[in-house]
Amino acid sequence: MAPPKPHKILMVAEKPSIALSIASALSGGHMSTRRGGSSTEVHEFNGTFRGSNAQYKVTSVIGHVFSVDFPAKYQDWTVTDPLDLFQAPILKAESNPKAHIRRHLSQEARDCGHLVLWLDCDREGENICFEVVECTGFHGNEARRRVYRARFSSVTEKDILKAMDNLVEPNEDEARAVDARQEIDLKVGVAFTRFQTSYFQGKYGNLDSRVISYGPCQTPTLGFCVQRYLQINTFKPEKFWALHPYITHNGYELQLEWERNKLFDLDVAVMFQNLVMEDGIVEVTDISEKQESKSRPSGLNTVNLLKVASSALGFGPQMAMQLAERLYTQGFISYPRTESTAYPSSFDFKSTLGMQTNNPTWGDYVQKLLDDGFHRPRSGTDAGDHPPITPMRAANEDMLGNDAWKLYQYVCQHFIGTVSPDCKYVRNKVEFSIGGEIFRCIGQHVIVKGFTSIMPWLAVNEKNLPQFKKGEKIEVSKVELYEGETSPPDYLSESELISLMEKNGIGTDASIPVHINNICERNFVQVQAGRKLVPTALGISLIRGYQCIDPDLCLPDIRSFIEQQITLVAKGQVDHSRVVEHVLQQFKQKFIYFVKQIENMDALFEAQFSPLADSGRALSKCGKCLRYMKYISTQPSRMYCGTCEEVYYLPQKGTIKLYKELTCPLDNFELLIFSLAGPEGKSFPLCPYCYNSPPFEGIDTLFGATKTSSTGKLGKGAGMPCFLCPHPTCPHSLIAQGVCACPECSGTLVLDPVSAPKWRLYCNMCNCLVYLPQGAHKISTTRDRCPECESTILEVDFNKKTTPLLDGSTLYTGCILCDELLHSLVEMKHGKSFFKRMGSRGRGRGSGRGGFRGRGRGGKWDDPKMSFRDF
DNA sequence: GCAAGGTC
């Protein structure tokens, strides 16, 4: 009899690093690893499961497998009323279709009898559990194929083994709470964002933002910055006065601090000054000495790393995370995304310290710690995720580069700090009395530097006091009446903002950097020197507007309200759909009210921004009314016809000029020339009307369309320039300006009409560039085709002085592929095949493949046999 | 073009 087949068990973690840890712990390191069908690895080993032999496969997802969005019919901003979004259905689609996680899980699960979910032990992890279950095709309650949930409190061997022995079921309520949050965030965020973007962008010309977004996290984040701004702006400085008596004792001159600190009434201050001056003698009334201690830090978590990176190292959160991520993947530090500040009991401090003994800066200190005995870190909080961020390998600046080195140094210093002694110092306080008023002096003397020797910026300042005796009387040398003025706080620092967000539950350690980045990118705030966040006119108008209409919208409570509601779902107290419905109902009411009251916010915008009609400068004529339209250069750049009240979007991120007052034969609009920046940026003509409403069917690749537009939605600024236009006779169309097929893609090489004197062709699909004879006076396309390869024949007017023509003449026509002279003057940029094929094989005829790809379907032309391929 | 959450 053959032995019974061992069970196959699939285990899935939230990220590759945890899959590896789990597999290593459970296999004792005896495993084999293969690349799965997609992007995540699979670790395999044999073991036992519930007393029987088992084959284990451990793999992972990469965060959420799915994310929610609206169906296609709700994607068009111009067609969907944002109010309808509250009732719209939502879809789950794979977050990262290219990673093929769904396929991967489904394939790996096929031959497995059991599924064990090792997702992170938080709500999001619980939600991903059910995403994984869906992908694997396991069904909850089948007796033969069971789904288990491993609950681990840290990613250590001990906890992993313990979790394996105590498998439970995934918690559907917690997962459904996340579903609820996703739906609420999506509907509320998108509805408000679309409404206010459309409202304000259609009205003002100098609004410098493509999207005026709203979100229950980003908006309160902005709120914090604006709140501080308003505090500064409404601040009224007040004068105050303080008494500063001076004494000289044992050779020290000493300024005494007044117990009343400061007074805001000059007369009263002067009265006290007289009192003190009249007395003129200080009496020592009390001397005390107390030992104080400053605790060493607890372990470093992500949020604290981000705060230090911003305030001390000058790195923004996004940058800091990038650097940390790189240090992690290169093995210099441990996993940088963690909430925990407590170390697992099994943490090996000794060997982590041991790696640092050769460091030129702190090596000796670390060696001494090892020799004298280091301390255990202060107990922090254990969030059950990863251990605090610690160094894993010794490094030097050359290995890491300047920025990463700074961050690495901090991680090391912090870690060494956590196992150093506390800082101990003595605090001396001497109290004095002069004319019945109480004054004091405070001295500090450090006994044990402890962790402050490795983190010197936290050191306690030494301040020596001369010896005093109780009852001693000393003459006052002078009494200064100090006049000061209260000053406003500074702009909110990024580090303060991170603290506020953390305290108010806005975002998570991973999303805090994203929210801050968002409000910067949307032009609501700017990061200024010292990483201070200064709100822009747009950011201020928005927040003040919410404050006028419905302050809830920008208060941090809006997030806690949602969290508190979905917690009811997580605890199984209220049904998921009832909570979603209830919360959305409330937000819908808020939305309706907001729309009704938008004029109140608009009043603030009117004071800051100029209406479209007053914006921009006259540039080109409208084909409908024949009046000048204005060019509005702020993003999204566009043309505005004040007479027709029409907006025509333009290609973004380049410069726009009038094109020789030429007009489009289809609609009479004056043509424009768009140029991308840089010496290799292409320039092309476009008609503002055709660009926005392509006149021919079947132009499926528009310029500026995002590559991921699988849903068919297009961004502002995508459109049809003349180089895509199949107009048969217009001198600017693809038909007139196209020369031959692109050697790199299915596009067509088109003459850049304003590239003199560095004449060139560019591809209308990819970034392929071909340089034509340089320095020519003029190069233009003709209506003739090459009889050999059907490329468009070019006419070149060489410069008199530099003409390559032997008889000194300047005019020449020919095919750039088949004409020996022209071809020898052509040079390829971006891409190799053009040059190589031409060079190695000489000129030949087209093979019959290729041609004017990229022109519209149903063209009237014979398929021109023009290709560089297959020579 | 839009949210926030995960991870790379």
Side-chain angles (χ1 to χ4, degrees), chain A residues 13-19 38-40 60-70 74-78 80 82 85 88 90 92 94-96 98-99 101 119-120 122-129 131-132 175 177-198 201 209-221 302 321-322 324-326 328-329 335-338 385-386 501 505-515 517-519 521-522 558-559 562-563 566 587 635-636 649 652 704-706 708-709 711 713-718:
Chain A
E14 190 156 320
K15 42 190 170 272
S17 64
I18 296 209
S38 72
S39 46
T40 55
S60 75
V61 292
I62 313 163
H64 274 289
V65 184
F66 300 108
S67 58
V68 290
D69 203 349
F70 294 109
Y74 293 88
Q75 296 291 1
D76 188 333
W77 290 39
T78 52
T80 304
L85 296 173
I90 54 167
K92 279 203 174 199
E94 233 176 313
S95 318
N96 182 358
K98 280 189 198 141
I101 297 293
L119 291 116
D120 291 1
D122 52 24
R123 267 186 211 166
E124 297 295 331
E126 221 57 35
N127 185 267
I128 304 175
C129 281
E131 297 185 337
V132 169
V178 171
D179 285 338
R181 181 194 53 71
Q182 290 177 341
E183 183 167 353
I184 295 164
D185 285 345
L186 176 73
K187 290 185 169 177
V188 173
V190 175
F192 276 90
T193 298
R194 284 192 192 173
F195 168 68
Q196 61 186 28
T197 302
S198 310
Q201 215 166 61
S209 183
R210 286 178 311 289
V211 176
I212 304 173
S213 54
Y214 176 85
C217 285
Q218 59 171 267
T219 304
T221 302
T302 307
M321 282 318 287
Q322 270 170 27
E325 186 76 41
R326 220 183 68 215
Y328 163 67
T329 48
Y335 193 73
R337 274 171 297 205
T338 179
D385 47 359
H386 296 266
M501 293 175 76
I506 307 284
T508 64
D509 54 352
S511 69
I512 281 174
V514 179
H515 299 310
N517 203 46
N518 269 343
I519 61 172
E521 277 193 343
R522 304 277 153 81
I558 203 126
R559 189 78 211 152
I562 297 175
E563 287 294 330
I566 64 163
F587 274 103
Q635 283 195 350
Y649 287 96
Q652 304 292 306
T706 37
T708 52
S709 67
T711 47
K713 50 182 174 182
L714 280 174
K716 276 199 179 107

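All heavy atoms count here, side chains included; hydrogens, waters and symmetry mates do not. In what follows, chains are A, B, ... by sequence order, proteins preceding strands, each numbered from 1. This one's a predicted model, so the numbers in the text were calculated from it and none came from an experiment.
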- Message: Categorize A:R123 for me: base, sugar-phosphate, or nothing, with a 4.0 angstrom heavy-atom threshold over every strand shown.
- Response: nothing

- Query: Under 4.0 angstrom, heavy atoms only, what part of the nucleic acid is A:G125 near: base, sugar-phosphate, or nothing?
  - Reply: nothing

- Message: Over all strands shown, is A:Y74 touching base, sugar-phosphate only, or nothing at heavy-atom distances under 4.0 angstrom?
- Response: nothing

- Thinking salt bridges, do A:R181 and A:E124 make one under a 4.0 Å N-O criterion? yes

- Task: Measure the distance from CD1 on A:I90 to C1' on B:dG5 and round it to the nearest whole Å.
- Result: 14 Å

- Message: Within the 4.0 Å heavy-atom criterion, would you say A:Q201 contacts the bases, only the backbone, or no part of the nucleic acid?
- Response: base

- Query: Under the 5.5 Å and 30° test, is A:Y214 stacked on the base of B:dA3?
  - Reply: no

- Task: Report the relative orientation of the aromatic rings in A:Y328 and A:Y335; use parallel for angles under 30°, tilted for 30 to 60°, perpendicular for over 60°.
- Result: perpendicular

- Item | A:Y328 OH to B:dT7 P, straight-line distance once rounded to whole Å | 11 Å

- Message: Nearest to the A:D185 side chain among B:dA4, B:dT7, B:dC2, which nucleotide is it?
- Response: B:dA4

- Choose from B:dA3, B:dG1, B:dT7 the nucleotide whose nearest atom is closest to any side-chain atom of A:V68. B:dA3

- Note on the structure: Picking from B:dG5, B:dT7, B:dG1, the nucleotide nearest the side-chain atoms of A:C217 would be B:dG5

- Quick one: does A:T197's side chain get under 4.5 Å of A:R210's, heavy atoms only? no

- Message: Taking 4.0 Å as the cut-off, does a side-chain nitrogen or oxygen of A:R194 come that near to OP1 or OP2 on B:dA3?
- Response: no

- With a 4.0 Å cut-off on heavy atoms, is A:T197 in touch with a base, just the backbone sugar-phosphate, or nothing at all? base

- Sorted by chain and number, sequence neighbours left out, side-chain contact (heavy atoms from CB on, under 4.5 Å) with A:P216 holds for A:D185, A:I558, A:R559, A:I562

- Query: Within the structure shown, what part of the strands sits under 4.0 Å from A:Q182 by heavy-atom distance: base, sugar-phosphate, or nothing?
  - Reply: base

- Which is true for A:P216 with a 4.0 Å heavy-atom rule: it touches a base, it touches only sugar-phosphate, or it touches nothing? sugar-phosphate

- Residue set satisfying ring pair (Phe, Tyr, Trp, His ring centres under 6.0 Å) with A:F587, at least two apart, ordered chain then number -> none

- Task: Return the nearest nucleotide to the side chain of A:T193; candidates are B:dG5, B:dA3, B:dT7.
- Result: B:dA3

- Of the nucleotides B:dG6, B:dT7, B:dA3, which has the atom closest to the A:T508 side chain? B:dG6

- Short side-chain N/O contact from A:Q75 to OP1 or OP2 of B:dC2, under 4.0 Å: no

- Please work out if A:N127 contacts a base, only the sugar-phosphate, or nothing of the nucleic acid, heavy-atom cut-off 4.0 Å. nothing

- A:K92 NZ to B:dA4 C1': how many Å, rounded? 13 Å

- Note: A:K15-A:D120 ion pair, threshold 4.0 Å (strictly below): yes

- Note on the structure: Between A:F70 and A:P16, the residue closer to the 5' end of DNA chain B by nearest nucleotide is A:F70

- Sugar-phosphate, base or nothing in reach of A:R522, heavy atoms under 4.0 Å: sugar-phosphate

- Item | B:dG5 OP1/OP2 closer than 4.0 Å to side-chain N/O of A:H515 | yes

- What is the distance, rounded to the nearest whole Å, between atom CG of A:D122 and atom P of B:dG5? 12 Å

- Task: Kindly say if A:R559 contacts the phosphate of B:dG5, meaning a side-chain N or O under 4.0 Å from OP1 or OP2.
- Result: yes

- Item | Spacing between A:N518 atom CG and B:dC2 atom C1', to the nearest angstrom | 11 Å

- Note on the structure: Comparing A:G507 with A:Y335, nearest DNA chain B nucleotide closer to 5' gives the residue A:G507

